[in-house]
Amino acid sequence: MKLQNTNILITGGASGIGKIMGRLALEKGAKSLIIWDINPEALAATKSEFATLGTVHTYTVNIADSDAVIATYQRVKEECGSVDILINCAGIVRGNNTFDHQTVEDIRLTMEVNTVAPMVLTLQVLPDMLSRNRGHICNIASAGGMLGNPKMSVYGASKWAVIGWSESMRIELQQRKSNVHVTTVAPYFISTGMFTGVRSVFPILKPEPTAKKIIRAIERNTIFAGIPFGYHFIRFWQAILPLRVFDWLFGTVFGIYRTMDHFTGRK
Ligand SMILES: NC(=O)c1ccc[n+]([C@@H]2O[C@H](COP(=O)([O-])OP(=O)(O)OC[C@H]3O[C@@H](n4cnc5c(N)ncnc54)[C@H](O)[C@@H]3O)[C@@H](O)[C@H]2O)c1
């Protein structure tokens, strides 16, 4: 879907790639940018930074709270009108350690923010899009949702779930020949600060070009965007190689299974 004259809602849009995608949307002529974030200071800073680019509405909301998601979407409808494009971008990673060191609180929070919240919000937005037969839902998953990786088991699980849900919903909409489109995005590590400390043989993605690729994917109604493109082949290698050979190639030779060894995340 082209971005001109659209209302675009981005969760986690006060930082990282969500913030950049918001700016790009305004530069491309979006009618209004609606940003949801848990961080009120970052929201205020983003609103004033983007003030000259177009209309920006900000909402402080903790998307881990389903009731808050439902209530805030009602406010958005009243205050901003229909949402044409939803980008489920907010995400967190917790616990830079192996699974035996994770806590119940961190498991619940990660699943609620990364997995449950995009579903709950989409459940609010989708009926309106279906009734207008127009809309686009973009779900930011992760390359970590396509293969196992030590020290990110819970995060990986949350993103595997997003891919499964997003792909299934996309096929449902295709089967009913709906004009509501779904793009699932699976990027490799991006230097936004979320994964500070990660070391990788493969280049870590830069935020600006990554955000541009996602916006382009929405404009082209791309159904699945692995970033970089080579990550589309993960499934191919998983399919043709015995899993232990895949482990050896990606884990030992390419060092993927050691990428999180020095991960600290944001302080
Ligand atoms: N950075 C990476 O290496 C990477 C790689 C692949 C996928 N991703 C995914 O891309 C998305 C954006 O990542 P980023 O690197 O720009 O992250 P970021 O940390 O820069 O931005 C995330 C935003 O989400 C907001 N947020 C966190 N919890 C929230 C909550 N409960 N309610 C509302 N807002 C909340 C934060 O305040 C922040 O503004 C995430 O879904 C992430 O999992 C990131």
Side-chain angles (χ1 to χ4, degrees), residues 9-24 34-47 49 58-69 71-73 86-94 96 105-106 108-118 120-121 138-147 149 151-152 154-163 166 183-200 202-211 213-214 217 225-228 231 234 256 259-260 263-267:
L9 165 53
I10 305 180
T11 66
S15 168
I17 56 169
K19 180 174 176 179
I20 300 171
M21 290 191 289
R23 172 171 52 71
L24 294 171
I34 304 149
I35 309 175
W36 286 21
D37 207 286
I38 198 171
N39 184 335
E41 292 82 25
L43 273 174
T46 305
K47 188 170 185 170
E49 204 179 312
T58 55
Y59 294 84
T60 304
V61 51
N62 175 7
I63 60 166
D65 176 350
S66 296
D67 293 338
V69 169
T72 309
Y73 179 66
L86 164 64
I87 306 183
N88 282 307
C89 185
I92 56 166
V93 58
R94 285 282 182 282
N96 54 340
E105 290 73 24
D106 279 347
R108 283 196 188 284
L109 189 63
T110 304
M111 297 306 289
E112 275 161 8
V113 174
N114 293 4
T115 314
V116 177
V120 173
L121 178 53
C138 175
N139 298 308
I140 312 297
S142 167
M146 295 165 76
L147 77 172
N149 200 19
K151 296 193 177 176
M152 60 190 291
V154 180
Y155 177 83
S158 73
K159 296 297 188 177
W160 279 69
V162 167
I163 291 176
S166 185
T183 298
T184 309
V185 184
Y188 191 55
F189 293 113
I190 315 161
S191 58
T192 56
M194 183 181 193
F195 279 96
T196 299
V198 158
R199 293 183 192 169
S200 162
F202 296 115
I204 295 198
L205 300 169
K206 294 196 168 53
E208 181 84 22
T210 306
K213 280 187 181 150
I214 299 171
I227 306 175
Y231 284 82
I234 289 178
I256 295 285
T259 48
M260 295 285 283
F263 166 71
T264 56
R266 279 208 186 85
K267 295 291 175 213

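Counting starts at 1 for both ligands and their atoms, in listed order. One-based numbering along the sequence shown.
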**Q** When you check ligand 1 against the protein, what N or O pairs turn up below 3.5 Å? List the atom names and distances, or just say none.
**A**
residue	atom	partner	partner atom	Å
ligand 1	1 (N)	Ile190	O	3.4
ligand 1	1 (N)	Thr192	OG1	3.2
ligand 1	3 (O)	Ile190	N	2.7
ligand 1	3 (O)	Ile190	O	3.3
ligand 1	15 (O)	Thr192	OG1	2.4
ligand 1	16 (O)	Ile17	N	2.9
ligand 1	19 (O)	Arg266	NH1	2.6
ligand 1	20 (O)	Ser15	OG	2.8
ligand 1	20 (O)	Gly16	N	3.4
ligand 1	20 (O)	Arg266	NH2	3.0
ligand 1	31 (N)	Asn62	OD1	2.8
ligand 1	32 (N)	Val61	O	3.3
ligand 1	32 (N)	Ile63	N	3.0
ligand 1	34 (N)	Ile38	N	3.2
ligand 1	37 (O)	Asp37	OD1	2.6
ligand 1	39 (O)	Asp37	OD1	3.3
ligand 1	39 (O)	Asp37	OD2	2.6
ligand 1	41 (O)	Cys89	O	2.7
ligand 1	41 (O)	Lys159	NZ	2.9
ligand 1	43 (O)	Tyr155	OH	2.7
ligand 1	43 (O)	Lys159	NZ	3.0

**Q** More than 12 heavy atoms of other residues, nucleotides or ligands under 6.0 Å from CZ of Arg199: yes or no?
**A**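 No, not enclosed.
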
**Q** Could you tell me whether the side chain of Asn114 and the main chain of Ile92 form a donor-acceptor pair under 3.5 Å?
**A**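 Yes; judged by distance alone, with no hydrogens or angles, the pair exists.
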
**Q** Establish, yes or no, whether a centroid distance under 6.0 Å links the rings of Tyr155 and Phe195.
**A**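 Yes, the ring centres sit under 6.0 Å apart.
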
**Q** Among side-chain atoms of Thr259 and Asn149, is any donor-acceptor pair under 3.5 angstrom?
**A**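 Yes, side-chain donor-acceptor contact under 3.5 Å.
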
**Q** Please report the shortest heavy-atom distance between Met146 and Ala186, naming the atom on each side.
**A**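 Closest approach of Met146 to Ala186: SD-CB, 3.7 Å.
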
**Q** Counting N and O atoms only, with roles assigned by atom type, does the side chain of Asn139 sit under 3.5 Å from a partner on the main chain of Ser166, one being a donor and the other an acceptor?
**A**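 No, the answer is negative, given that no donor and acceptor are paired below the 3.5 Å cut-off.
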
